[in-house]
Amino acid sequence: MALDKHGIAKRIAKELQEGYYVNLGIGIPTLVANYIPEGMNVVLQSENGLLGMGPFPTEEEVDPDLINAGKQTVTTLPGSAIFSSAESFAMIRGEHVHLTILGAMEVSERGDIANWKIPGKMVKGMGGAMDLVASAKNIIVAMQHTSKDGQSKLLKNCSLPITGLQCVKKIVTDLAVLEVTGEGFRLLERAPGVTVEQIQAATEGKLLVEGEIPEINV
Amino acid sequence: MINKVVQDAAMACHDIPDGATLMLGGFGLCGIPENSIKEILRKGIKDLTCISNNAGVDDFGIGLMLQQRQVKKMISSYVGENAEFERQLLSGELEVELIPQGTLAERIRAGGAGIPAFFTPAGYGTEVGEGKESREFHGKMYLMETWLKADFALVKAWKGDTAGNLIYKGTARNFNPMMATAGKITIAEVEELVPEGELDPNSIHTPGIYVQRIFQGKDYEKRIEQRTIRSAS
C-alpha cells in the first residue's frame, strides 16, 4: 500500500550518489540520513553552518553549541567543517550543493513549490528554503500526495504563496515517484499495490503516464 | 590601546535607547547573546527593531522581549516555535519582515563590508520580490537586495580577548560573525575573556576591529530546543 514516511525516505535515498553534498530539510527529508547506502560517501550540509553532519548524539555527547537547521542536537564527523551562515549560503547559492531534499505544501506541474505560508493562518517564515530552491541544481520534494482533508498537493498551479518557481525536479510521495517535465508530472513509479487510477485521482495537475509503471522497490 | 573591556552587560548596554535597531546573533537559541538580552529585558528598552534569524521561543531569548512588548519590528527568516510571536503577528501588533535566510545573512555581511546592494536569485517570483528591482544575468532572474546595518550588534562568542578578537564554538557561530561587522557599536559577550596574546591569531573568527565593547558573560543557560539523542550502542 501507500508508503509511510520511512518508505518515502528510503526511496529518496536511492537518488544519492557517491561524493554528493546534500542538504536535507526538516521532516521526512531528515529521515533520508538513516538510509544512505552502506559505504557510500555522502556529506550532509546543514544551513546553520555545518558540513559533515553526524548522527544524533548520545546522552554524553549532547552539546548545546552543536545543532542542525531543525534545532536538533547533532554531532560532527571526521572531515566536518563549521562556518558562518553567510558562508553556508555562499555554498548553496554558488551551486556547490548537489542535491536538496525538502518538504512542500504544494507543487505545481511546472515545478513551482509552496511551503512557507498559509495566509491568515500560519506564518513560520521561509527560513533557508527560498535560497535553496532558487539555487539548487537538483531538488527533490518529499511529501504526502494529498493533504489531511484529501486535497491534491500536486496541482496545475500553486494556490499558496510561492517559495520558488520552476525548480522541483522530482517528487516522492506516499503514492508515487514523479518527474517534473514542464508538460506535467511524469509518473515514474507507483507505491506497491497502488494503481495508476488511484494516483490519477489524487493528482490535480496533468499526469503523464507512458507504458507500464513499475512499483517502487524499497 | 583603547579599553574595550567592560564589566558586565549593564555597562555594555547602558546607552541603548528606545527605538534602536539591534542585531542579535544566534540560530534558534544556539549562540544567542543571553546576557545582553537579559539586560534589555531588565531595562525595559522599548520600540526596538530586532534583526535576528529567529525570535527565540515563548519563554526564552527574544521571545521574552516580545512578551514584554519591547519589540516594534522583527526582521527574521523563521519564527516558528513561538506562539506569542505568531499571535502578535497575525493580530497586527508586531511589524514583521521575513527574509530568506541566505539573503538575511548576506545583507548583514554586505552592511559590514560596505556593499550597499547585491543580486540574489532567492525569492524571485515570490512575494519577497514584490517592489524590488529584478534583473537578468546569464539567463537567470535575480532580485536586488540592500545592506542591513544596526545601531547595536549584540553577539556571543566562546572566547574573546581584550583586543576584541573572537572565536566561536560549533554552530553557535551562525549569524554572529556577520553581525559583529554590521553594528555601529558591536557588543560581544564571551564565555571566557583572556588577555590579548593568548588567542592564536590564526584561529580568530572575528578580528577585534569590529568589536567596540567586550565582556565576560555569566550564568549561560544554553537552552536546547530539540534535545535529540540516539541510544549508545
Side-chain angles (χ1 to χ4, degrees), chain A residues 26 30 46-50 53 55-76 82-93 112 114 116-117 119-135 161-167, chain B residues 27-31 53-55 76-82 85-86 89-90 96 98-106 108-109 120-128 140-142 158 168-178 205 220-233:
Chain A
I26 296 166
T30 304
S46 189
E47 66 264 26
N48 58 318
L50 172 60
M53 181 167 54
F56 296 132
T58 60
E59 196 68 58
E60 295 71 44
E61 290 171 335
V62 167
D63 178 356
D65 291 327
L66 194 60
I67 63 169
N68 65 16
K71 281 98 177 178
Q72 296 169 311
T73 45
V74 290
T75 54
T76 55
I82 288 169
F83 36 85
S84 73
S85 303
E87 180 88 47
S88 179
F89 283 93
M91 283 170 205
I92 290 166
R93 236 184 276 107
D112 303 343
W116 72 283
K117 184 179 181 181
K121 270 196 194 160
M122 185 283 286
V123 188
K124 294 200 185 304
M126 65 292 281
M130 282 191 183
D131 309 88
L132 282 159
V133 300
S135 296
I162 293 287
T163 307
L165 295 172
Q166 297 175 33
C167 51
Chain B
F27 182 96
L29 299 178
C30 184
N53 187 56
N54 309 84
S76 302
S77 87
Y78 189 83
V79 293
E81 295 112 23
N82 193 322
F85 182 100
E86 211 164 356
L89 168 60
L90 292 171
V96 179
L98 288 168
I99 299 177
Q101 196 174 136
T103 300
L104 179 63
E106 192 63 12
I108 297 165
R109 198 194 73 81
T120 176
Y124 176 76
T126 77
E127 62 186 59
V128 166
K140 184 168 171 170
M141 293 305 294
Y142 294 79
W158 177 42
Y168 308 94
K169 177 170 160 276
T171 54
R173 190 180 320 182
N174 56 65
F175 281 80
N176 283 298
M178 295 82 75
H205 297 134
Y220 282 105
E221 199 173 319
K222 293 197 184 180
R223 206 183 283 191
I224 294 172
E225 279 179 76
Q226 305 285 340
R227 188 185 186 86
T228 316
I229 55 168
R230 71 173 197 276
S231 52
S233 57

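Letters A, B, ... are given to chains in the order of the sequence lines, protein chains preceding strands, and every chain is numbered from 1. Just so it is clear, the model here is predicted, and its values are computed rather than measured.
The two residues A:Ala86 and B:Arg109 make their nearest non-hydrogen contact at CB-CD, 4.0 Å. What you find for A:Val74 and A:Ile67 is that their closest heavy atoms are CG2-C, 3.6 Å. The minimum heavy-atom distance between B:Ser76 and B:Val79, with the atom names listed, is CB-CG1, 3.8 Å.
Between chain B and the residues A:Ile162, A:Asn48, A:Leu165, the most heavy-atom pairs under 4.5 angstrom are made by A:Asn48. Chain A forms more heavy-atom pairs under 4.5 Å with one residue of B:Gly28, B:Ala55, B:Gly125, B:Pro177 than with any other, namely B:Gly125. Across A:Ala90, A:Gly164, A:Ala69, A:Ser88, the residue that shares the most heavy-atom pairs under 4.5 angstrom with chain B is A:Ala69. Per-residue counts of heavy-atom pairs under 4.5 Å with chain A were compared for B:Cys30, B:Gly31, B:Pro100; the largest is that of B:Pro100. Interface summary for chain B: among A:Gly49, A:Ser84, A:Gly70, the most heavy-atom pairs under 4.5 angstrom belong to A:Ser84. When B:Trp158, B:Phe27, B:Phe85 are compared by the number of non-hydrogen pairs under 4.5 Å with chain A, B:Phe27 comes out ahead. Between chain A and the options B:Val96, B:Ile229, B:Ile99, the largest number of non-hydrogen pairs under 4.5 Å is found for B:Ile229. Between chain A and the options B:Ala172, B:Gly123, B:Pro121, the largest number of non-hydrogen pairs under 4.5 Å is found for B:Pro121.
Of the two parts of A:Asp112, neither the backbone nor the side chain holds a non-hydrogen atom closer than 4.5 Å to a non-hydrogen atom of chain B. In this structure, the portions of B:Arg227 lying under 4.5 Å from any heavy atom of chain A include both its backbone and its side chain. Only the backbone of A:Thr163 comes within less than 4.5 Å of a heavy atom in chain B; its side chain stays farther off. Interface remark: A:Glu47 contributes backbone and side-chain atoms alike to the contact with chain B (heavy atom separation under 4.5 Å). Proximity to chain B involves both the backbone and the side chain of A:Leu66, based on heavy atoms less than 4.5 angstrom apart.
Expressed to the nearest 0.5 Å, how far CG of B:Asn54 lies from CG of B:Asn82 amounts to 9.5 Å.
With respect to the salt-bridge test (charged N to carboxylate O, under 4.0 angstrom), the residues A:Asp65 and B:Arg173 do not qualify.
A:Thr75 places a side-chain N or O within 3.5 Å of a backbone atom of A:Pro55 that can act as its donor or acceptor partner. Judged by distance alone, the side chain of B:Thr126 and the main-chain N or O of B:Tyr124 form no donor-acceptor pair under 3.5 Å.
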Check the pair A:Met91, A:Phe83 against side-chain contact (heavy atoms from CB on, under 4.5 Å), reporting the backbone distance first and the verdict last. CA-CA 11 Å; A:Met91 283 170 205; A:Phe83 36 85; 3.4 Å; yes
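No hydrogens or angles considered: a donor-acceptor pair under 3.5 Å links the side chains of B:Asn53 and B:Ser77.
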